[in-house]
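Below, chain A is the first sequence line, B the second, and so on; all start at residue 1.
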2 protein chains.
Amino acid sequence: MVLTREALALSAFARAPLFAGLGQADLVDLAARFHPHHFARDEALFHEGHRAHAYYLMAEGRVKIIQTSVDGAEVILHLLGPGELVGALPNLDDGTYPGSAIALDDVSALSISPADFEALLELHPRLAINLLHYAAGKLRSVHSRLRELTTERAERRLARTLSRLAAQIGRGVEAGVLLDAPLTRQALAELSGTSLFTVSRTLKEWERQGVLQVGRERVVIVNTHALATLADDLPLPASHPQRPLPHA
Amino acid sequence: MVLTREALALSAFARAPLFAGLGQADLVDLAARFHPHHFARDEALFHEGHRAHAYYLMAEGRVKIIQTSVDGAEVILHLLGPGELVGALPNLDDGTYPGSAIALDDVSALSISPADFEALLELHPRLAINLLHYAAGKLRSVHSRLRELTTERAERRLARTLSRLAAQIGRGVEAGVLLDAPLTRQALAELSGTSLFTVSRTLKEWERQGVLQVGRERVVIVNTHALATLADDLPLPASHPQRPLPHA
DNA sequence: CGGGCTATTGAGACAGCTCAAAGCTAGTGG
DNA sequence: CCACTAGCTTTGAGCTGTCTCAATAGCCCG
């Protein structure tokens, strides 16, 4: 689908809670500073550590923000979709990208220079406040992941990751909720902080139990409630044997 | 040390980069909305999950922000000191505290109601922008921890935690850099995502190697460079060609 | 000088990782 | 339309870093 610059901007802006509360005149001012771009699947919008030359407002498609460790292991920090801002947030701090952004599918996005972006913030206080709220949400979600990583085991982390994804990118289909992005086992591992092998085994097991339906780069959540139970109530070791012997 | 309300406010405000760029008149407006409070060591400023009734600007002392999992395990999300804002950031999102704030020592802080705080943001655009930059920094640091937790092993995470603490709360003393807060092994474990036993063993080992000097609730970094090496260059399995050959 | 944290140390268990080897699946090009 | 191939997934078999548990020792304050 090809859109004119105007249409693209409008559609992106309309979806973005970031621009809520701004007047029409403000929106026109904003739109003038954004430039349309296109990225193919697997293409990088920018690379970790590079000096920031542009931020992006997503119009179509999804990107993942990843960080790579010295030995090549990757972690997915965020999945971002239409209406979301890519690269801007953590960059306000020191001007280098803290992660790389990779297109998960074909992506249309609107770019803006850091300088223009900062100017917009100064000119439109509403925008700064909206962005602050947005950042607050991100912070909250990253905090949760941080806690999960240190206190919960792989299986439950995966269940939580799937729940989160369902809320974020889930699409209702007849069998249940489809995670509407091409997610390999590897990607799920990088989101939940485990290995692709553990993900594969666990998904298979849940499919056997009727909780999910899995396929190549595809997960459908059949039993949302069961998944929530796995995410929240799953006891640490085995589940059944209650209490050894109270034996009065 | 007891300070008048005015003096307390001024000292806190002066330290806070949050208020950089604000005029004298603005500062007076701000100061009027804050109310002084005091908390003893181990006292909670607020509890996870509760509806936010106040945010705090730290004046003296330190607090830790923690999240607790169902089975009681804790994670320390942040350590916050003078000039920093406690509770406000992630709260802008949904109005409940995402973690609990506990005083590490005696704490003086200035409280402000969420409504007043939001009003300030509307009235003083500079403040929103400053806060945005501050949030960006937090986000960046949490992202790094997230990556470390999933890709690095306990020993290195601990080294990084110590480095980070040195930068944040380190105080030069004759033996090296003292971490200027009462940090138990347990607390270090909760900061680095490991167990207090692993922390104890590892610190002891590093003390043997002359990198640190450890005591009860006390760590002094003797060899900063060695610690940085441990944090960055430590290969996965064993590291040094220390292996004493049984015989040549 | 006792009581209560805090820290150390050893021994054992295990979740989840690593590695290796097929098995699938979806494109692609002849 | 069918082989071919590349990438994704599954499955099995160890291995080990780290946690758990238990017991002891040390330090500080009342």
Classify B/Arg185 by what it touches in the nucleic acid, base, sugar-phosphate, or nothing, heavy-atom distance under 4.0 Å. sugar-phosphate

Mind checking B/Arg208 for me? I need base, sugar-phosphate or nothing, with any heavy atom below 4.0 Å counting as a touch. sugar-phosphate

Ring centres under 6.0 angstrom apart (A/Phe39, A/Phe46): no

Any Lys/Arg nitrogen of B/Glu152 or B/Arg160 sitting under 4.0 Å from an Asp/Glu carboxylate oxygen of the other? yes

Given D/dG17, D/dG7, D/dC19, identify the nucleotide with an atom nearest to the side chain of B/Thr194. D/dC19

Carboxylate-amine/guanidinium contact B/Arg145 B/Glu148, below 4.0 Å: no

Nearest to the B/Thr198 side chain among D/dC19, D/dT9, C/dT6, which nucleotide is it? D/dC19

Is the closest basic N to carboxylate O distance between B/Glu217 and B/Arg41 below 4.0 Å? yes

Of D/dT9, C/dT6, C/dA20, the nucleotide closest to the side chain of A/Phe197 is C/dA20

A/Arg201 CZ - D/dT10 P separation (whole Å): 11 Å

Using atom CZ of A/Arg153 as one end and atom P of C/dC14 as the other, report the distance to the nearest whole Å. 11 Å

Whole-Å distance between D/dT9 P and A/Arg218 CZ? 13 Å

